[in-house]
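Convention: sequence-line order gives letters A, B, ...; per-chain numbering from 1. In this text, all values refer to a predicted model and were calculated from it rather than measured experimentally.
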Number of protein chains: 2
Amino acid sequence: MAGASLAIGQRSLGDRSKLFPLLPVLTEGCPATSDAEMQYPLEIDYAYDRVDPALFDQPPLPGLARWAPLLPPLAPGLDLGEGGTALVPADDLGRALGFTGRLLLKDESRNPTWSHKDRLNLCTVSTAILSGAPGIAVASSGNHGAAAAAFAARAGLPCVVVTSEGPQPSFRRLLAALGAHVVLTDADNRWPVLRRIVAATGFMPASNLTRFHTGNPYGPEGYKTIAYELFLQLGRRVPDSVLVPTGYAELLYGLAKGFRELRLLGLADRVPQLLSAEPAARGPLARAAGSNAAAMEVAPEPSAAAGIACTVGGYRGIVALQESHGRALTCSEAGMAEMQARLARHGYYQEISGAAGLAAGAEVIARGEKLDGIVVAILTSTGLKDGPMDVSDVPVCAAEEVEALIARLQAEGETGAP
Amino acid sequence: MAGASLAIGQRSLGDRSKLFPLLPVLTEGCPATSDAEMQYPLEIDYAYDRVDPALFDQPPLPGLARWAPLLPPLAPGLDLGEGGTALVPADDLGRALGFTGRLLLKDESRNPTWSHKDRLNLCTVSTAILSGAPGIAVASSGNHGAAAAAFAARAGLPCVVVTSEGPQPSFRRLLAALGAHVVLTDADNRWPVLRRIVAATGFMPASNLTRFHTGNPYGPEGYKTIAYELFLQLGRRVPDSVLVPTGYAELLYGLAKGFRELRLLGLADRVPQLLSAEPAARGPLARAAGSNAAAMEVAPEPSAAAGIACTVGGYRGIVALQESHGRALTCSEAGMAEMQARLARHGYYQEISGAAGLAAGAEVIARGEKLDGIVVAILTSTGLKDGPMDVSDVPVCAAEEVEALIARLQAEGETGAP
């Protein structure tokens, strides 16, 4: 509908003068600038001078193929109606948290497998198909594996998901239903197993193969569409800042790049400040940013935020923060848990990781700083995925206790009875 | 944004000449035409001559307030970004199932609590607020309770969910997180408990209080928006038929009414044929339709389709089928389970009930009948809600079995290795 992809090659983030062809997919970082010490990712570059600005005259509906000129070549028929997620005002919550401007929530749980990862995997699975890979392989503790498995299923390609802890029962059943081969191993062994599978089968990796994160160059391109949607949902303007739950910083980078493109195309006059939000227990990006490093490795301190608790970062995060004059925030475990509960009391039941952006923003405000203007918090995934399955702590009222419940509701002044 | 509601009153489906004021909400059916034998529901009527057809010049984005003139008065700020769900072509699946025309999937799992019920509960909770009710009460085994609890949370109103079986752990945690009071009782006792709570507290019932289903007259109005969205998503045309998972037929009725309104407003020249899909084990609507009854009660034969396995129907289903020259289909338990698996292999992980529409359609075709033209199947809710939590039957590959997995993938010709 929107014309063909204008992608021209894979550009190194280690040295932007280096442009590699679109294929083969460089799944182990930029070969010209990476070594054993540090690995630099790549991004997809486009013939921007050929982009018709009328591309942005369309409404931000689902189906990312509508952004085809600014995405890698997409495999036909792979569409699951991804994207086009709701942006919802949360001024009441914002005021309660001390936001001085407007707060809006971008609800990425409204995707085909109920997380933002669908946007990434549309691109990686498309790339696998177009490069002739016979399958998809991914190391993931959750959303990423589900999204890869869904698009692989849609494409009729086999998918291997290498996971460390036993996924939640509901999640394991999801992967099985989507037809994925699930490999269970310990945390340290995930990447060696992934490498072995990729080497032996030729499957396209949808996640990382290097020490510092480089990932699949095609993946973060899918996240650019969140920036495009925000621009249109806000009435052709960009927000002042965006709170972004951050693991390997692919989402952060995709957002930065999308906003960069909007400015490049003359549609926006500035880019928003991006605020990355990592669990304080880990936070490799915050530590790298704080010490002017390209990437850092940190100890595997415990964190409940399974979707974003990473021990290594990658250079994409640093670039995204630099480009957006951004800040690397962290949030406490208690802060994330409290924000998860608070969001639910406003109607949004998010995974713990999905509450990290808003939790980090709230911690900044609680320290006496201000978050002014239009602030968007990205919510990444449904809470149905990561709640503990032992619900013995969840209160339930038996039928014989109904009168006591009624009395309690009446005492709380919560009823219309006299 | 779209102007005020044009609602004028509650009109009886038992006798359409009877129009009652908008308030009080008639939560026990039409008082003029109901008796102990049969209870007739009501719908909301509008000043259709005052509807600006330009209402339908907007894109079908999330946020049902955009349809305000054709909805009951909505409480300000209750928006969770509901609706605006993706319509995705599934021609490959359609061909495999023997559809001779086009098959498209309307994925209602892309709502704030991941089911179509959000559309209904925006309306019932709005109505509670505008009528001054101090809370919400609902009998539900799943989606309905979650959606009611989410909108009640957003509104700051207490919500009681009366449920029969222990909900899935993930689901029970969802209800608790949303702040609902969960009452657990046996199936027969749900409605007496609900009645007692409503009587004692003045809470607004978001579900049914009568023997045959009448429900909350305001609820099905929210489902009309699916018809509006389909009309726009198909390029200002209506589909030829719609496959609708059907329990109490509120969704079916909302769809029928939405399409009726599009014709009334001169936007569409016909209404699609609606095909209700009930579990064959119950199927009160199919039995009522087959015996020219206004509603039927059936035995509680076992069914895995918790969302739609009802023992009583209501008159709305009959009206919807009559208006649309529709058909009451049923589907076997095996057919639903197989369709759930099949949808997942196409990337859509649905609850069992959500696969019922397509399962019923496939059974019709398997009998040698045709479903021509543009067919839309409504998918109602995420599969994350109702899978069994015992996953000991779900295959997982241990790390030491990876070589065997690789060999298996190679033997299946699924790899690019030589």
Stepwise side-chain contact (heavy atoms from CB on, under 4.5 Å) check, B/Y349 with A/T113: CA-CA 8 Å; B/Y349 186 56; A/T113 67; over 6 Å; no

Step-by-step side-chain contact (heavy atoms from CB on, under 4.5 Å) determination, B/L178 to A/R345: CA-CA 5 Å; B/L178 294 169; A/R345 296 310 293 264; 6.0 Å; no

Contact check, side chains of B/V88 and A/R154, non-hydrogen atoms, under 4.5 Å: yes

Side-chain touch B/P112/A/R110, heavy atoms, less than 4.5 angstrom: yes

Closest contact, heavy atoms only, B/G84 versus A/P62: O-CG, 4.1 Å

Considering all heavy atoms, the nearest B/Y348-A/D79 contact: OH-O, 4.2 Å

Derivation and outcome, side-chain contact (heavy atoms from CB on, under 4.5 Å), residues A/I406 and B/R196: CA-CA 9 Å; A/I406 289 171; B/R196 168 69 190 135; 4.0 Å; yes

Need one label for [X]: side chain, backbone, both or neither, based on atoms under 4.5 Å from any heavy atom in chain B.
X	answer
A/R190	neither
A/V183	both
A/L61	both
A/V160	side chain
A/E82	backbone

Best-contacting candidate, A/V402, A/N189, A/N111, against chain B by heavy atom pairs under 4.5 angstrom: A/N111

Polar side-chain atom of B/R173 near backbone of A/L384 as donor-acceptor pair, under 3.5 Å: no

Side-chain donor or acceptor of A/Q410 paired with backbone N/O of B/A200 under 3.5 Å: yes

Could you check which of [options] has the highest count of heavy-atom pairs closer than 4.5 Å to chain A?
options	value
B/A398, B/A86, B/A153, B/A344	B/A344
B/A399, B/P60, B/C397	B/C397
B/G179, B/A176, B/A152, B/A341	B/G179
B/E403, B/E400, B/Q233	B/E403

Pairwise distance CG(B/L184) to CD(A/E401) - rounded to 0.5 angstrom: 10.0 Å

Nearest-0.5 Å distance that lies between atom CG in A/L405 and atom CD1 in B/I197: 6.0 Å

Worked verdict on A/W114 versus B/T382 for side-chain contact (heavy atoms from CB on, under 4.5 Å): CA-CA 9 Å; A/W114 312 292; B/T382 172; 3.2 Å; yes

